[in-house]
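Residues: numbered from 1 along the sequence shown.
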Amino acid sequence: MVYLTRLEHFNAAHKLYNPTWSKEKNEEVFGVCANENWHGHNFELYITINGHVNPETGFLFDVKKLSMLIQDKVIAKLDHKNLNLDVDFLQGKMCSTEILAMEIWKQLQPYLPLHVKLHCVKLYETPRIYVEYFGD
């Protein structure tokens, strides 16, 4: 079994808030992340796939194709966007890094060939905070 990871980057804004709560309750739970005027991050996205190497190519999966898939299905939808307002696959969901990682998985998994498994979505919100999601 071989694991292959591709690193991508995007910038996005969001705010953490529960629309059923008061402004005070949101500020109590989410602090400055509930700022009404949003806040932004320089996200680092690590996509790890696994499977067996094709003996004809020496590849698990062509990394250029993996990058294009990530760019098309994820980065193009997230980069320089407001996650709460602009991203179709996040509509009606809490825009936490945890939820974002889970939703990124859903955007990529159906487009991988059968011989390749999505192993992990690792998403850095800051250099000191990241989430890893390994699927259900």
Side-chain angles (χ1 to χ4, degrees):
M1 183 70 59
V2 172
Y3 294 80
L4 173 68
T5 300
R6 174 71 190 190
L7 168 62
E8 300 288 348
H9 176 86
F10 65 94
N11 302 305
H14 71 150
K15 69 177 173 179
L16 298 176
Y17 72 103
N18 183 325
T20 65
W21 293 350
S22 69
K23 178 180 176 184
E24 294 75 25
K25 174 75 173 181
N26 275 291
E27 289 174 353
E28 175 188 329
V29 172
F30 300 117
V32 296
C33 294
N35 183 339
E36 291 182 5
N37 293 313
W38 320 97
H39 67 281
H41 297 283
N42 299 311
F43 289 93
E44 298 290 339
L45 175 63
Y46 294 77
I47 300 298
T48 302
I49 59 175
N50 68 22
H52 297 285
V53 173
N54 179 332
E56 294 178 358
T57 64
F59 295 162
L60 165 61
F61 186 62
D62 185 329
V63 291
K64 290 178 188 174
K65 289 181 181 177
L66 180 58
S67 180
M68 289 187 304
L69 178 65
I70 298 167
Q71 288 291 326
D72 181 51
K73 301 298 180 189
V74 177
I75 303 301
K77 295 178 180 185
L78 299 176
D79 193 32
H80 288 85
K81 301 288 197 268
N82 181 314
L83 300 178
N84 300 81
L85 302 176
D86 301 331
V87 180
D88 60 350
F89 64 83
L90 291 173
Q91 292 302 302
K93 297 179 175 84
M94 182 66 71
C95 287
S96 67
T97 304
E98 294 89 337
I99 298 293
L100 182 53
M102 294 167 63
E103 294 301 317
I104 289 170
W105 179 286
K106 292 176 187 175
Q107 297 305 301
L108 292 174
Q109 193 276 328
Y111 298 98
L112 290 169
L114 293 177
H115 72 280
V116 174
K117 302 292 183 212
L118 185 53
H119 174 71
C120 180
V121 171
K122 180 187 260 188
L123 183 60
Y124 277 82
E125 183 180 75
T126 74
R128 294 180 303 277
I129 299 171
Y130 68 90
V131 169
E132 291 179 299
Y133 180 64
F134 296 93
D136 292 329

Would a hydrophobic clustering, with Ile, Leu, Val, Met, Phe, Trp and Tyr connected at side-chain separations under 4.5 Å, put [X] with [Y]?
{"X": "L83", "Y": "L108", "value": "yes"}
{"X": "Y46", "Y": "F43", "value": "no"}
{"X": "M94", "Y": "W21", "value": "yes"}
{"X": "Y17", "Y": "I99", "value": "no"}
{"X": "F10", "Y": "V131", "value": "no"}

Using a 3.5 Å distance criterion without hydrogens, assess whether the side chain of [X] forms a donor-acceptor pair with backbone atoms of [Y].
{"X": "N50", "Y": "V2", "value": "no"}
{"X": "N84", "Y": "K15", "value": "yes"}
{"X": "H39", "Y": "A13", "value": "no"}

Problem set entry | Stacked cation flag K77 on F89, 6.0 angstrom / 45 deg |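 Not satisfied by the 6.0 Å and 45° rule.
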Problem set entry | Lys NZ or Arg CZ of K122 over Y130 ring: under 6.0 Å, within 45° | yes
Problem set entry | Aromatic contact, H119 with F134 (centres under 6.0 Å) |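 Distance test on ring centres: under 6.0 Å, yes.
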Hey, what do you get for [atom1] ([X]) to [atom2] ([Y]), rounding to the nearest 0.5 Å?
{"X": "Q109", "Y": "K73", "atom1": "CD", "atom2": "NZ", "result": "13.0 Å"}
{"X": "M102", "Y": "E98", "atom1": "CE", "atom2": "CD", "result": "9.5 Å"}
{"X": "I104", "Y": "L123", "atom1": "CD1", "atom2": "CG", "result": "5.0 Å"}
{"X": "T126", "Y": "H41", "atom1": "OG1", "atom2": "NE2", "result": "7.5 Å"}
{"X": "W105", "Y": "L118", "atom1": "CH2", "atom2": "CG", "result": "4.0 Å"}
{"X": "C120", "Y": "I47", "atom1": "SG", "atom2": "CD1", "result": "8.0 Å"}

What are the two closest heavy atoms between [X] and [Y], and how far apart are they?
{"X": "L85", "Y": "Q91", "result": "O-NE2, 3.4 Å"}
{"X": "C95", "Y": "L16", "result": "O-CD2, 3.4 Å"}
{"X": "A12", "Y": "L78", "result": "CB-O, 3.6 Å"}

Exercise. Is there a side-chain contact between T97 and Y133 (heavy atoms, below 4.5 Å)?
Worked result: no
Exercise. With a 4.5 Å limit on heavy-atom distance, are the side chains of E125 and H14 in contact?
Worked result: yes
For this session: Begin with the C-alpha distance, continue with both residues' side-chain angles, and end with the deciding distance and a verdict on side chain to side chain contact (heavy atoms under 4.5 Å, CB included) for L45 and I75.
Result: CA-CA 9 Å; L45 175 63; I75 303 301; 4.1 Å; yes
Please tabulate, for the side chains in residues 52-69, all donor-acceptor contacts under 3.5 angstrom to protein atoms that are two or more places apart in sequence or on a different chain.
residue, atom, partner, partner atom, Å
N54, OD1, E56, N, 2.7
T57, OG1, F59, N, 3.0
D62, OD1, K64, N, 2.8
S67, OG, R6, NH2, 3.2
S67, OG, E8, OE2, 2.9

